[in-house]
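Position 1 is the first residue of the sequence, and the numbers go up from there.
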Amino acid sequence: MPGPSPGLHRALLGLWAALGLGLFGLSVVAQEPFWADLQPRVALVERGGSLWLNCSTNCPRPERGGLETSLRRNGTQRGLRWLARQLVDIREPETQPVCFFRCARRTLQARGLIRTFQRPDRVELVPLPAWQPVGENFTLSCRVPGAGPRGSLTLTLLRGARELIRRSFSGEPPRARGAVLTATVLARREDHRANFSCRAELDLRPHGLGLFENSSAPRELRTFALPPEPPRLAAPRLLEVGSEGPVSCAMDGLFPASEAEVYLALGDQRLSPVVTLEGDALMATATATASAEQEGARQLVCNVTLGGESRETQENVTVYSFPEPLLTLSEPNAPEGKMVTVTCAAGARALVTLDGIPAAVPGQSAQLQLNATEKDDRRGFFCNATLEVDGETLRKNESAELRVLYAPRLDDSDCPRSWTWPEGPEQTLRCEARGNPEPSVHCARPDGGAVLALGLLGPVTRVLAGTYRCTATNVQGQAVKDVTLTVEYAPALDSVGCPERITWLEGTEASLSCVAHGVPPPNVNCVRSGEARVVEGMLRVVREHAGTYRCEATNARGSAAKNVAVTVEYGPSFEEVSCPSNWTWVEGSGQLFSCEVDGKPEPSVECVGSGGTSEGVLLPLAPPDPGPRAPQIPRELAPGTYICNATNQHGSMVKMVTVSAESPPQMDESTCPSHQTWLEGADAAALACSARGRPSPQVRCSREGAPRPQRLRVSRQDAGIYRCLATNAHGTDARIVTVGVEYRPVVAELAASPPGGVRPGGNFTLTCRAEAWPPAQISWRAPPGALNIGLSSNNSTLSVAGAMGSHGGEYECAATNAHGRHTRRITVRVAGPWLWVAVSGAAGGAALLAAGAGLAFYVQSTACKKGEYNVQEAESSGEAVCLNGAGAGAGAGGGGGAEGATEAAGTAEAPAGGEVFAIQLTSA
């Protein structure tokens, strides 16, 4: 046989020791009847608390007594054979006070034991890593400093509400304080965003105190998975400065992909990618725009960062600058004799060729010069540029045409300067000019007198004698020549030969000659008033020639003198400063176009639209001098090209003016509806808001108050008030938009009361709560044969009073709105002491059940579809009433739920096309 256990040996030794001490105590009592007592002998006090100790003796006249302890004292009360003392701020884990009295020259003592406890006020969970790779272990460490005694502590590490590890520190020394619990956990995908915490329990109930609990603040763990392979990068190999190219970067196997950060950059230029997610796959697309600073070989970088780790891919992209070749003519419309320089230039590394002649080196321009003649009119020039980029040859071309414009010419061979005819015979005057386009020639006296009939034979009379001004004119200018016709007759001065007023045209050649009629021709000298110098010969007319001249004609037959006033006039001319070629009219600005023209006499100006919507439209002009009658300010103005024509008696000048019309932004209900509705779960989209205006306004919408977070799908939190602001160069317009979010129904709660099973004859209630917008309609499906069913006004509560066996089974609640339908099921079990009756009468019960089921099927499939019916049943004598006008689904589904206590049957949807009945049974 096996020997006694070690525990039994220790128990026997303890018993013998107790008996020995008891016998020894009896002997002491017999010898010494006096004693000292300390109450309480054993005490448990919260750290920092206080305690009264009572020290007493039965000695009739003790000599002295006291209480020895290292603890702080606050107050003492004494009697002849007792004293009471309050100990405060008790902090030591364990102390033993001693009560003593001196009696009959002996010292009586009593020892006590005071222990402290500290609640778990500080429960600390060591911070978790910022990101934890999936499949790797991490450490959970919980500290509870100072709490104790440690032997009464229990620490638990939790994931959410689920316990991961629980440890009790029972058996630790009474003086031990504080505790640490550490566990190693494998990170999973399911742990992403999970909260971990630590719970501490100090159980002092065995000592007559309570259970003290505390928990740490939860710490969230973020897990991730980042594959070792780099992302896939796709981009064009060559990219021209100023152009755009598509860039895409893809990566698979990311978790959580929504928290991955993508960095796309071309050289120093960071791109703004659009990131799309599909499961664990990520696709970032962006448009790279090359700038001049990036010219050369550049690195295109795609970096995907998740959980503090990165994967990077680089590709080489060559950025090149190849501007269009620039073919310039120093004078595109050059007058004859003008030196024209033709220049062909391109980028710094491009080789250009001008009319087949290449430049010396790449980057240098090609140039040629020519003196424009009429032969160069419509001459074409061709500029070709080539550039080698990363092994590829790129080409660009440009062409231009030269127009040579030349004024009319009057040569002496074709238009002689003078004729001398005797008075009487007939003569023919010929004056022909050449020019491009072919000019017309007109000869008349400068003073507006007689006109010579060129090319016609006519009689010569005295009145024809004099100087005629022949003017050859085409669209490029005119040529003026004075032709003198001499008719021999006696000298004379009259208003015809020497008019009192002479008008010259600026830029023409003229001579101040007072023609004196007579033979031989008189010598005429003209002097400007206040000057002594005689005006002689042909003058190139300038405006300073205007003034009063004294002309004197002399010949051998006499002399004549008269004053001649010379007026210099000039045709219209435009200046860009006073009449700009480009003008922008802003709607509502009240602007008028200002176009001032120089000329004498003062030209009249009119601007008329040419082509498009401005065809034939007059452009309102600002008056040169403000007057009392201001011109009408237009409310609308057709943009386009207008031809401004300035005219006076010396000609006209045409200028093309480009008018553009712009307007400030404007939004209304048609472009930005004030109420918009979104559906939860649909693809997130911007607000349907646009604005009218020119230039086209930019519309930005932001939610009032808290900003709308970036989501791929519409959420209920997206509902609210948004402010849309349209902006262009001429102002802003704002509009408030209210956004509502609708969502499918979800049966959020389906509960039974009481929560367990129900006994026959008892009552129970089913409550169905649904979340939906617009609000959902609630309907029920009950087990076959279930009678006496009551519904609340909104169908959210189903109640049964006096439950029977037929009420047991599966109940289904369905929530329906315009966006869908959702159902949940719950099983109710009715069981009681009369179950043996059903067992003993199984055959009869089966027959009765079959008859009841047939009757229920007939009722639900016929009468209930009409709206309501009455059913008499032998067992309940109840009356069935159809509720809600629903279809035949309440009894058709059967009772397929599991037996037992009431529980939720999940969120499975009802079969497609099934009809649902809600039935209430009331007493007949």
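- Between the side chains of Ser310 and Thr305, at least one donor N or O lies within less than 3.5 Å of an accepting N or O.
- Under the 4.0 Å criterion applied to side-chain N and carboxylate O atoms, Arg744 and Glu742 are not assigned as salt-bridge partners.
- Closest approach of Thr823 to Ala814, counting heavy atoms only: CG2-CB, 3.6 Å.
- Salt-bridge check for Glu190 with Arg159: failed, with every basic side-chain N at 4.0 Å or more from each acidic carboxylate O.
- For the atom pair Leu157 CG and Leu181 CG, the distance stands at 4.5 Å (nearest 0.5 Å).
- Met251 is listed as a side-chain neighbour of Pro227, based on a closest heavy-atom distance under 4.5 Å.
- Counting only residues at least two apart or on different chains, the salt bridge (charged side-chain N to carboxylate O under 4.0 Å, His left out) pairs with a member in residues 177-188 are Arg188-Asp191.
- For the pair Glu680 and Arg713, the salt-bridge criterion is not met [side-chain N within less than 4.0 Å of a carboxylate O].
- Contacts of Glu309 classified as side chain to side chain donor-acceptor pair (under 3.5 Å), with partners at least two apart in sequence or in another chain: none.
- Between Cys701 and Cys689 the SG-SG gap reaches or exceeds 2.5 angstrom.
- The aromatic rings of Phe117 and Phe212 lie parallel to each other, with less than 30° between the two planes, well short of the 60° mark.
- Proximity of Val828 to Leu766: side-chain heavy atoms (C-beta onward) are separated by under 4.5 Å at one or more points.
- Tyr743 has its side chain within reach of Arg716: a pair of non-hydrogen atoms, C-beta onward, lies under 4.5 Å apart.
- Ionic pairing of Asp203 and Arg205 is present here: one or more N-O contacts between side-chain nitrogen and carboxylate oxygen are shorter than 4.0 angstrom.
- Aromatic ring orientation, Trp131 versus His192: parallel (interplanar angle below 30°, classes split at 30° and 60°).
- With a 4.5 Å cut-off on side-chain heavy atoms, Pro127 and Arg219 count as touching.
- Residue Ser779 holds its OG atom at 8.0 Å from CD of Glu812, rounded to the nearest 0.5 Å.
- Contact record, Leu798 with Tyr811: CD2-CE2, 4.0 Å, taken as the closest heavy-atom pair.
- Arg703 contributes atom CZ, which lies 11.0 Å from atom CG of Leu687 (distance to the nearest 0.5 angstrom).
- A disulfide bridge does not connect Cys672 to Cys724: their SG atoms sit 2.5 Å or farther from one another.
- Salt-bridge formation is detected for the pair Glu124/Arg122: a Lys NZ or Arg NE/NH1/NH2 atom is positioned less than 4.0 Å from an Asp or Glu carboxylate oxygen.
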Show your working on salt bridge (charged side-chain N to carboxylate O under 4.0 Å, His left out) between Arg47 and Asp121 and close with a plain yes or no. CA-CA 12 Å; Arg47 187 173 185 270; Asp121 295 328; over 6 Å; no

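- Under 3.5 Å, the side chains of Arg166 and Thr156 contain a donor-acceptor pair of N or O atoms.
- Checked by atom type, the side-chain pair Glu749/Thr767 shows no donor-acceptor distance below 3.5 Å.
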